[in-house]
Every structure is written in C-alpha cells, then in structure tokens.
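Structure first, commentary second.
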Amino acid sequence: MSSQCRIRQKLRRGTTIVESSIVLSVVLLIVMSFLELSLLVVRVNSLTEACQNVSRLVSVSGDLSSGANTLGPATIQCNAEANNSVANAARRALTMVDPSKVELEVVWSDGTNSPGDLVVVHLDYQNASIIPLVDHLTDKLFHYTCHIRIAH
C-alpha cells in the first residue's frame, strides 16, 4: 500500500505548480483589472474637474473684467501643458493624467465676450490602458464639454 502512495505522489508532483500558476494568473488579471478601473475613475473625475475649472475661469473673464484677466472672444486652442491661464486652470485638476495628452478648446459661441454670452469649453483626452489584454476596452478618446455663460 505504501508503494502505491509513493507512486501517486511522484505522478502528482507537478500538478500543484500547474494549478497554482493557473489560479495565480486569473487572480492577477482580476487585481490588475480593478487597478485599471480605479485609475480610469480617477482620470474621469480629474478631467471633469479640469473642464469645470476652465469654465469657471472663462465665466469671470468677460469684457467687464480687468484688462489682464480678459479672455476671448477669439477661440483658444491649446494643450494643457501650455503656459497660459486656460491651461493653468486645467492643469491644477489633472491628477494621474498626463497634461501633454489633454487638448483644450474654448469657443465663444455668440462671438462676443459680454456678460450673458455663451462659452463652450471642449476637453479631449486619449486614455491609455496599463493592461495589454483590456486595452481595446479602455483605450478611448474622452471628450468633455462644458457650456457656461459669462458672468462679468
């Protein structure tokens, strides 16, 4: 009886390693997927806040504001890495987001910069996945738009 047990043990020596590697790979995929999801949520919140920050800046930068603070009515297109007030307002909120991948556009829809005029802020970001297996799910272009009226 003991010789049969020894033979079985010898035959099953590699099964623990094979089973462990299968289970470990599935567990690692699940953990990395949760990490990817949490990073995606942080990026979405950061980009939303960046769009809101630029909208707030633009809403108080109309014709009636002091000369240094006036923006528009010419369309502003820039990267979040640029050195201007619009990019600076966006960059303050961009945690866990590479500012070089964020494109900003501010459009004065009414063509003027008077109180009550509509301004549209567009923000685009190309997300990059950290997991090669799910990159087709999360490698998306995020587009944010805020509409705001000039306060003063």
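In this structure, a donor-acceptor pair under 3.5 Å is present between the side chains of Asn113 and Trp108. Under 3.5 Å, the side chains of Arg92 and Asn53 contain no donor-acceptor pair of N or O atoms. With hydrogens and angles left out, the side-chain atoms of His147 and Thr145 include no donor and acceptor closer than 3.5 Å.
In this structure, CD in Glu103 is found 10.0 Å from CG in Leu141, a value given to the nearest 0.5 Å. For the atom pair NZ (Lys101) and CG (Asn127), the distance works out to 8.0 Å, reported to the nearest 0.5 Å. Once rounded to the nearest 0.5 Å, the distance linking CE of Met32 with CG of Leu39 reads 9.0 Å. Between the CD1 atom of Ile150 and the OG atom of Ser114 there is a distance of 7.0 Å, given to the nearest 0.5 Å. Here the OG-CG distance, from Ser33 to Leu40, works out to 12.0 Å after rounding to the nearest 0.5 Å. Atom CZ in Arg149 sits 12.5 Å away from atom OG in Ser59 (nearest 0.5 Å).
Judged purely by atom type and a 3.5 angstrom limit, Asn45 has no side-chain atom pairing as donor or acceptor with the backbone of Val42. Judged by distance alone, the side chain of Asp110 and the main-chain N or O of Thr112 form no donor-acceptor pair under 3.5 Å. A donor-acceptor pair under 3.5 Å is absent between the side-chain atoms of Asn79 and the main chain of Ala82, judged by distance alone.
For the side chain to side chain contact (heavy atoms under 4.5 Å, CB included) test, residues two or more places apart in sequence or in another chain that qualify with Asn88 are Asn83, Arg91. Qualifying side chain to side chain contact (heavy atoms under 4.5 Å, CB included) partners for Thr75, counting only residues two or more places apart in sequence or in other chains: Gln77, Glu105, Val107. Under the side chain to side chain contact (heavy atoms under 4.5 Å, CB included) criterion, Leu94 pairs with Leu47, Ala50, Ala80, Val97, Pro99, Val102, sequence neighbours left out. The side chain to side chain contact (heavy atoms under 4.5 Å, CB included) search around Ser38 returns Leu35, not counting sequence neighbours.
At a threshold of 4.5 Å between side-chain heavy atoms, the hydrophobic network of Ile, Leu, Val, Met, Phe, Trp and Tyr places Leu123 and Val120 in two separate groups.
With side-chain heavy atoms closer than 4.5 Å counting as contact, directly or through intermediates, the hydrophobic cluster containing Val23 also holds Val27, Val31. Residues Leu24 make up the rest of the hydrophobic cluster containing Leu28, defined by ILVMFWY side-chain heavy atoms closer than 4.5 Å, directly or through other members.
Taking the side chain as every heavy atom from C-beta outward, Asp117 and Ser109 never approach each other to under 4.5 Å.
When the options Arg43, Lys140, His143 are evaluated for a side chain to side chain contact (heavy atoms under 4.5 Å, CB included) with Tyr125, the one that passes is Arg43.
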